[in-house]
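In what follows, a single structure is set out as structure tokens and then discussed.
In what follows, chains are A, B, ... by sequence order, proteins preceding strands, each numbered from 1. Only heavy atoms go into these numbers, but all of them, side chains included; no hydrogens, no water, no symmetry mates.
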There are 2 protein chains.
Amino acid sequence: MKQPLASTPRPDRTTSILQRRILDGWIEPGTLLAESAVARELGVSRVPVREALFALERDGLVEFSDTGRAYVKDLSPHAFEELYVLRLTLEPVAARLAAPGLRGDLSALEKNIEATGRAASLIKVTHLDLDFHELILAASGNARLLKLWRSLRNELELWLGRLHRSKEIQTRGTCEETVSTHRDLVECFRTQSAAVCERKMREHILGWREWLPVLPGKE
Amino acid sequence: MKQPLASTPRPDRTTSILQRRILDGWIEPGTLLAESAVARELGVSRVPVREALFALERDGLVEFSDTGRAYVKDLSPHAFEELYVLRLTLEPVAARLAAPGLRGDLSALEKNIEATGRAASLIKVTHLDLDFHELILAASGNARLLKLWRSLRNELELWLGRLHRSKEIQTRGTCEETVSTHRDLVECFRTQSAAVCERKMREHILGWREWLPVLPGKE
DNA sequence: CTTCACCAAACGGTATACCGTTGCGAGTTT
DNA sequence: AAACTCGCAACGGTATACCGTTTGGTGAAG
């Protein structure tokens, strides 16, 4: 183990404000994010806005047209399936890699589960759910893998946020189910081999997909 | 199928020049890439340089210190193992996804193999090798997956370039072996199921790892 | 009513300028 | 001779300004 395995690089105020606005749905998908307009809006110059737009493109929240204009990403169900396939590919591997190191110290995961049980809102549960998975990615010891996953997380949050707002997500038993399946996973890490943990994580992701509603979308 | 599945976004002159210089080893690993100095060197202002440095960080060729300074990435053997694990994770999945669509049109892959057979230098073979794999990633139909892979490719080229220059890579039979294993893969795509193609790709990556020399590095 | 041509506003790309901070080396002290 | 300090040079962050291109709307022609 080396450093804390890549904390988010340099928290940029402009970027995080824009990110929040997009994730929270304050800006309609497909909206043009003109540098000048955003700069005026946020009270900064175009340069940090420019930087923020590039960072957000990397995180999949913004996409550029071939003429260099930035738009808030408009996700299609197909794009969601792509994300899902990647979760299903990366996370079981992360679970396998993380298993040996995790066996000895599951306190972080347990603390997360506890917090999930106390969570008041569904959106909070969602964030804690993703935090749980990110803890495992971080424990994998593969910084590049964690980096790839982080670049997917934002897009996932974008989707889940929209689902929540459109009330198309089922809230019944969500928290309890999350807590119990996560408990299963922790138990698996505590007692089972890495290969079993890998399979367990795969099943967990499969179950998560099943739990999601039919996906809306314009495409 | 939709668009050509994400051609490299907007080819930026400054970025590609810097990228080339790093990949070709003209700049020592760990070197500070000061915006002003690079800007003077390339005859542009700091703004495009800034943009280029961010893009290169995304591609894993540059890393920023916590004070915002950009350095040419200094790869450790551990970092290479991380990349290898990710190839081993992503590419078989890509092969499985690409298999159905590829069965009908293998001409691009065959053309690549033909070019590999005619390649003059080992470095050219390496590039064509990566091109071959990228064709499969692109054929997977998963744009996000392709994007992730592309973000790994640059780092791989960085490694392979350094290996070539340090003469620590075996050149004997490299070209022939690449051509023959790739031919196997194409034959697999032509006649076998997606699941078989996935396994075949996994074996191919495993073999590639085996073929690499013991990795040098300061860490 | 539709289509085309043209023009003005807006946008992105880039250069330049200013400022606070960092980092490094020279000079001094112990 | 080693360590500490002070100061300056250089860097990154950001604002502003200029230019070429794109875009969207308007008015005229078919």
Side-chain angles (χ1 to χ4, degrees), chain A residues 3-4 6-22 26-74 147 218, chain B residues 3-4 6-22 26-74 147 218:
Chain A
Q3 305 115 307
S7 60
T8 133
R10 281 162 303 136
D12 176 2
R13 181 161 187 74
T14 306
T15 304
S16 55
I17 290 178
L18 258 184
Q19 173 174 330
R20 184 72 50 158
R21 293 199 180 183
I22 294 176
W26 301 1
I27 312 178
E28 200 71 15
T31 305
L32 169 66
L33 291 177
E35 290 177 7
S36 336
V38 175
R40 268 195 308 274
E41 173 83 14
L42 299 185
V44 295
S45 82
R46 280 175 51 207
V47 183
V49 172
R50 203 177 159 74
E51 177 180 332
L53 291 177
F54 285 127
L56 291 174
E57 187 215 14
R58 187 192 43 159
D59 291 345
L61 298 185
V62 152
E63 54 189 355
F64 283 90
S65 73
D66 45 9
T67 56
R69 288 168 140 76
Y71 298 87
V72 177
K73 193 147 193 176
D74 194 3
K147 219 168 148 188
K218 1 255 184 203
Chain B
Q3 305 112 310
S7 61
T8 139
R10 282 160 301 137
D12 175 1
R13 181 160 187 74
T14 305
T15 304
S16 56
I17 291 178
L18 257 185
Q19 174 175 330
R20 184 73 50 159
R21 294 202 179 181
I22 294 176
W26 301 1
I27 312 179
E28 200 71 16
T31 305
L32 169 66
L33 291 178
E35 292 178 5
S36 337
V38 175
R40 268 196 307 275
E41 174 82 14
L42 299 185
V44 295
S45 82
R46 280 175 50 206
V47 182
V49 172
R50 205 177 159 72
E51 178 180 333
L53 290 178
F54 285 127
L56 292 174
E57 187 214 15
R58 186 191 41 150
D59 291 345
L61 299 185
V62 152
E63 55 189 356
F64 283 90
S65 73
D66 46 8
T67 57
R69 290 169 138 77
Y71 298 86
V72 176
K73 193 148 191 173
D74 193 3
K147 220 168 147 188
K218 1 251 181 201

Answer whether the closest heavy-atom distance between the side chains of B/Phe64 and B/Glu57 falls below 4.5 Å.
yes

Looking only at D/dT14, D/dC11, C/dG12, the nucleotide nearest the A/Ser36 side chain is C/dG12

Between C/dG12 atom C1' and A/Phe64 atom CZ, what is the distance in whole Å?
10 Å

Whole angstrom value for the distance that separates P of D/dT22 from CG of A/Asp66
10 Å

What is the separation between atom CG on B/Leu42 and atom P on C/dG13, rounded to the nearest whole Å?
18 Å

So OG1 of A/Thr15 and CD of A/Glu51: to nearest 0.5 Å the spacing works out to 5.5 Å

Rounded off to whole Å, could you give me the CD-to-C1' distance for the B/Glu35 and D/dG12 pair?
6 Å

Classify A/Arg46 by what it touches in the nucleic acid, base, sugar-phosphate, or nothing, heavy-atom distance under 4.0 Å.
base

When A/Leu61 is tested against each of A/Leu56, A/Ile27, A/Val72 for side-chain contact (heavy atoms from CB on, under 4.5 Å), which residue passes?
A/Leu56

Between OG on residue B/Ser45 and CD on residue B/Glu35, distance to nearest 0.5 Å:
10.0 Å

DNA chain D: A/Pro48 or A/Arg69, which has the more 5' nearest nucleotide?
A/Pro48

For salt bridge (charged side-chain N to carboxylate O under 4.0 Å, His left out), just list the numbers for B/Glu41 and B/Arg21, CA-CA rounded to whole Å, side-chain angles, deciding distance to a tenth of an Å, and then say yes or no.
CA-CA 12 Å; B/Glu41 174 82 14; B/Arg21 294 202 179 181; 3.2 Å; yes

To the nearest angstrom, the CZ-P distance between A/Arg13 and D/dG12 comes to 23 Å

Over how many whole Å does the gap from B/Glu57 atom CD to D/dG12 atom P extend?
14 Å

Nearest-neighbour nucleotide for the B/Leu32 side chain, C/dG12, D/dT14, D/dG12 considered:
D/dG12

Relative to the 5' end of DNA chain D, which residue comes earlier, B/Val47 or B/Leu33, by the nucleotide with the nearest heavy atom?
B/Leu33

Find the distance A/Glu51:CD to C/dG12:C1' and express it as a whole number of Å.
17 Å

Could you please name the option among C/dA15, D/dG13, C/dG23 that lies closest to any side-chain atom of B/Arg50?
D/dG13

To the nearest Å, how far apart are A/Arg40 CZ and C/dA10 P?
8 Å

